[in-house]
Colleague: 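A single structure is presented below for examination.
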Amino acid sequence: MFDIAEELKKLPDHPGVYLMHDDQDAIIYIGKAVSLKNRVRQYFQSSRNKGPKIEKMVSNIARFEYILTDSELEALVLECNLIKEHRPKYNTMLKDDKTYPYIKVTLGEMYPRVLFSRQMKKDKSRYFGPYSSAAAVRDTIDLIRKLYQIRSCNRSLPRDIGKERPCLNYHIHQCSAPCQDLISAQEYRERIDAALDFLSGRVTPVIRDLEEKMTAASAAMDFEKAAEYRDLLASVTQIAEKQKITDLGGEDRDIIALAMDETDAVVQVFFVREGKLIGREHFHVAIGTEDSPSEVLSTFLRQYYAGTPFIPKEIMLQTEIADREIIEQWLNGRRGRKCYIRVPKKGNREKLVELAAQNAELVLKQDKEKIRREEGRTIGATKEIASLLGIEHIGRMEAYDISNTSGFESVGSMVVYEKGKPCRSDYRRFKLRSVTGPDDYASLREVLLRRFMHGLKEREENRSKQIGDEYGSFTRFPDLILMDGGKGQVNTALKVLDELELDIPVAGMVKDDFHRTRGLYYNNIELPIDPHSEAFRLITRIQDEAHRFAIEYHRSLRTKGQVHSVLDDIPDIGPERRKALMRAYESLDAIRDADVESLAEVPSMTRRAAESVYRFFHSS
């Protein structure tokens with residue numbers, strides 16, 4: 001259960017992006033914050049005037065999560081990427097890619113240009129950004145032209161060299177005039193390389209040069225020039241803060257880092273698709289005291305990419321792993337083309353890995369308490385139950401319940417708990433075939449016989465195929481069976497197990513006069529349970545779940561109006577034959593007791609249909 005009040009206390013005073021989820025776990029709002037602690041808390045303060053839209057959104061919040069960034073600028077761009085990816089209900093949606101500007105260097109040309117762009121295309125150009133300030137981008141482009149005298153015209157060079165006079169930029173010393181062949185292609189390319197260095201973040205030499213020029217202009221009392229250098233310095237400083245949330249290569253990458261302590265590790269995965277960070281996910285990993293970060297990452301890669309359908313072109317890791325080449329070969333085979341595992345040592349890629357590591361550290365720190373509470377509710381509770389009953393180990397529990405309306409349309413439910421958590425894929429429900437009337441003991445007997453005889457049959461088939469008992473929906477038997485009831489229900493289950501020569505502990509979940517869980521009936525003794533213990537809470541959850549699952553199934557049958565619908569489950573019996581059988585026999589018991597010859601004499605019935613009815617009621 002996500003406790004909003006408790007989680008608000010854990011919010012960091014740090015820039016980042018927050019994601020609001022509803023009770024279906026859908027993302028309904030994404031926002032950015034200079035301080036996550038202050039911003040997210042504001043939504044839940046009743047004194048603030050939020051407006052109807054935000055009020056409605058807040059009323060639907062079931063939980064929230066957040067991603068740390070190094071600056072508000074990074075948070076802003078990440079917010080944009082995530083909104084485009086998830087399209088939350090309460091966000092104002094962006095319709096195109098014109099939100100943030102890029103700097104485009106047209107490397108596909110012999111004499112490249114440095115341009116302002118609102119889109120990043122897959123061409124031969126190199127893109128930098130996106131940036132939050134269009135003015136800073138234009139100032140930086142102006143600066144580059146002044147520093148390196150890069151052309152800005154649309155002339156096709158070298159085709160148009162010498163055809164027209166040089167433009168004004170040449171005369172004000174902001175272009176080296178390649179259109180007049182006044183600079184060689186090699187020298188021009190060297191200037192472009194210097195501009196690329198500047199845009200890649202190596203701005204210290206430029207800043208130092210501008211500071212020297214500003215100081216010199218000021219000393220010469222050329223204050224207008226000094227002010228120009230000052231403004232350019234401010235633009236350079238702002239653009240140097242370019243965010244790392246968008247990867248410059250435009251490729252698909254997974255960025256993986258971990259945080260670990262003596263017993264636990266959290267692996268954080270950032271998903272970069274087409275150059276944009278669109279999401280993240282973290283995974284808790286149980287580790288041994290001797291495990292190193294390299295070993296944990298190696299194990300995680302093998303397990304994670306064995307189960308995910310998408311393999312990116314590049315995986316960036318926090319540290320080297322010993323079996324990198326082997327894992328790369330395996331990923332290449334799964335991807336169908338090359339996949340690279342790299343450990344970046346500098347630049348934006350290294351900073352992205354560091355950011356992933358920071359988020360992993362935060363999750364590990366804040367989730368420690370949550371993990372301990374969850375283990376107490378689940379594994380800890382099963383250990384308490386095992387200790388109470390004197391059972392060595394409880395991994396899997398199955399609970400059974402019966403639901404009917406005055407004995408009509410009886411159904412049974414089987415719910416499964418693994419390590420204290422519901423395993424819904426293993427839930428089963430049974431429509432009773434052999435029982436009419438409100439006979440819960442007979443109903444439980446049929447359900448248990450069908451469940452365990454099916455399991456024994458599957459086990460035998462697995463042995464003949466020389467495969468293990470883990471294959472098959474019924475082959476895994478529980479460490480403990482829980483019956484909804486006391487002595488009568490428990491003894492019914494024990495008789496079935498004895499008939500099948502199975503040795504499985506059975507306990508009854510006993511309720512008081514107010515239909516509340518009271519204790520466990522085991523070995524002919526009712527064992528009281530501390531109502532404040534995790535074991536008591538788990539037993540209550542299991543009992544309620546078994547009852548809910550049975551009631552839900554029974555209600556669905558009633559809603560469909562399936563009168564005596566057990567006949568509809570028989571092969572070869574359609575609506576016409578079902579009606580014929582119901583006219584010919586007084587009850588389901590009479591149909592069950594009839595032989596094949598008698599059934600075949602019913603109008604519209606064939607020998608094959610009669611045999612189907614007989615097999616249905618007399619097979620296990």
Side-chain angles (χ1 to χ4, degrees), residues 1-3 6 369-403 412-424 426-429 440-441 443-445 447-448 451-452 476-498 502-553:
M1 184 69 179
F2 189 88
D3 190 330
E6 283 298 316
E369 181 183 350
K370 185 188 299 182
I371 293 168
R372 282 196 294 268
R373 287 200 307 268
E374 180 65 18
E375 287 184 348
R377 293 179 67 252
T378 55
I379 297 174
T382 61
K383 289 179 179 178
E384 289 181 23
I385 295 170
S387 176
L388 178 68
L389 301 179
I391 300 173
E392 184 176 346
H393 169 74
I394 298 177
R396 178 184 175 101
M397 292 183 285
E398 293 180 1
Y400 295 86
D401 191 17
I402 301 297
S403 178
S413 69
M414 177 184 97
V415 299
V416 181
Y417 275 64
E418 292 270 7
K419 297 180 180 180
K421 296 181 180 181
C423 182
R424 292 185 174 84
D426 284 2
Y427 283 16
R428 293 294 182 270
R429 49 195 187 185
D440 281 359
Y441 295 158
S443 299
L444 285 171
R445 174 180 170 78
V447 168
L448 291 166
R451 183 265 180 268
F452 286 105
R476 297 185 60 211
F477 288 176
D479 301 305
L480 175 66
I481 295 174
L482 293 169
M483 308 302 296
D484 186 40
K487 181 178 180 180
Q489 287 82 358
V490 170
N491 288 338
T492 298
L494 288 172
K495 288 177 183 178
V496 171
L497 296 174
D498 188 54
L502 294 175
D503 184 17
I504 302 173
V506 182
M509 299 178 288
V510 184
K511 292 184 177 181
D512 60 20
D513 295 337
F514 300 98
H515 211 65
R516 295 175 302 197
T517 304
R518 185 177 70 198
L520 288 178
Y521 183 85
Y522 183 68
N523 284 344
N524 296 316
I525 300 174
E526 183 177 322
L527 303 171
I529 309 177
D530 179 2
H532 303 293
S533 68
E534 292 296 347
F536 181 87
R537 296 186 181 98
L538 178 57
I539 291 295
T540 302
R541 290 198 299 274
I542 294 174
Q543 192 170 30
D544 292 343
E545 181 70 352
H547 189 60
R548 178 201 65 80
F549 193 55
I551 289 292
E552 186 179 86
Y553 183 38

Colleague: Tell me if a side-chain donor or acceptor on Thr540 pairs with a main-chain N or O of Phe536 at a distance below 3.5 Å.
Modeller: yes
Colleague: Between CG of Asp503 and CZ of Phe477, what distance do you get to the nearest 0.5 Å?
Modeller: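 Reported value, rounded in 0.5 Å steps: 12.5 Å.
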Colleague: When rounded to the nearest 0.5 angstrom, what is the spacing between CD1 in Ile379 and CD in Glu418?
Modeller: 11.0 Å
Colleague: Are Ile481 and Leu497 close enough that some pair of their side-chain heavy atoms sits under 4.5 Å apart?
Modeller: yes
Colleague: So do the side chains of Leu482 and Leu520 get within less than 4.5 Å of each other, counting heavy atoms only?
Modeller: yes
Colleague: To check you understand the geometry: which heavy-atom pair defines the closest contact between Ala546 and Ala399, and what is its length?
Modeller: CB-CB, 4.2 Å
Colleague: What pair of heavy atoms forms the shortest contact from Gly412 to Val447, and how long is it?
Modeller: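 For Gly412 and Val447, the tightest heavy-atom pair comes out as CA-CG2, 4.1 Å.
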Colleague: What I'd like to find out is whether the side chain of Met414 reaches to under 4.5 Å of the side chain of Arg451, using heavy atoms alone.
Modeller: yes
Colleague: If you look at every heavy atom in Ala535 and Ile385, which pair is closest and at what distance?
Modeller: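 Minimum heavy-atom contact is CB-CG1, 3.8 Å.
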Colleague: Is any side-chain N of the basic residue among Arg377 and Glu534 closer than 4.0 Å to the acidic one's carboxylate O?
Modeller: no
Colleague: Is there side-chain contact between Leu494 and Asp498, with heavy atoms separated by less than 4.5 Å?
Modeller: no
Colleague: If you look at every heavy atom in Asp479 and Pro505, which pair is closest and at what distance?
Modeller: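 Minimum heavy-atom contact is O-CD, 3.3 Å.
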Colleague: Output yes when a side-chain donor or acceptor of Gln543 lies under 3.5 Å from a complementary backbone atom of Met509, and no otherwise.
Modeller: yes
Colleague: Heavy-atom count around Asp530 CG within 6.0 Å, excluding the residue itself: above 12?
Modeller: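 Atom CG in Asp530 is crowded, with more than 12 foreign heavy atoms closer than 6.0 Å.
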Colleague: Grab the two heavy atoms, one from Thr378 and one from Gly420, that are nearest each other, plus how far apart they are.
Modeller: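 Closest pair (atom of Thr378, atom of Gly420, distance): CG2-O, 3.6 Å.
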Colleague: Any side-chain heavy atom of Arg428 sitting closer than 4.5 Å to one from Glu398?
Modeller: no
Colleague: Over 60° means perpendicular and under 30° means parallel, so classify the ring planes of Phe549 and Tyr427, tilted if in between.
Modeller: perpendicular
Colleague: Test side-chain contact (heavy atoms from CB on, under 4.5 Å) on Glu384 and Leu538; report intermediate values, then the result.
Modeller: CA-CA 10 Å; Glu384 289 181 23; Leu538 178 57; over 6 Å; no
Colleague: Would you say the side chain of Pro478 lies within less than 4.5 Å of the side chain of Ile504, judging by non-hydrogen atoms?
Modeller: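 Heavy-atom side-chain distance check passes, below 4.5 Å.
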Colleague: Does any N or O in the side chain of Arg537 come within less than 3.5 Å of the main-chain N or O of His532, such that one atom is a donor and the other an acceptor?
Modeller: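 Judged by distance alone, yes, a pair lies under 3.5 Å.
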Colleague: Under 3.5 Å, side chain of Gln489 to main-chain N/O of Met483, donor-acceptor pair present?
Modeller: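 It does not hold such a pair.
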Colleague: Going from CD1 on Ile551 to NE2 on His547, what distance comes out if it is rounded to the nearest 0.5 angstrom?
Modeller: 4.0 Å
Colleague: Using a 3.5 Å distance criterion without hydrogens, assess whether the side chain of Asp401 forms a donor-acceptor pair with backbone atoms of Asp484.
Modeller: no
Colleague: Got Leu480 and Met397 here, is their nearest side-chain heavy-atom distance under 4.5 Å?
Modeller: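 Yes. Closest side-chain heavy atoms under 4.5 Å.
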Colleague: State, with a plain yes or no, whether a side-chain heavy atom of Lys419 is found less than 4.5 Å away from one of Thr382.
Modeller: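 Result no, sub-4.5 Å side-chain heavy-atom pair not found.
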Colleague: Applying the side chain to side chain contact (heavy atoms under 4.5 Å, CB included) criterion to Tyr521, which one of Leu527, Val506, Val490 satisfies it?
Modeller: Val490
Colleague: Would you find a donor on one side and an acceptor on the other, under 3.5 Å apart, between the side chain of Thr492 and the backbone of Arg445?
Modeller: no
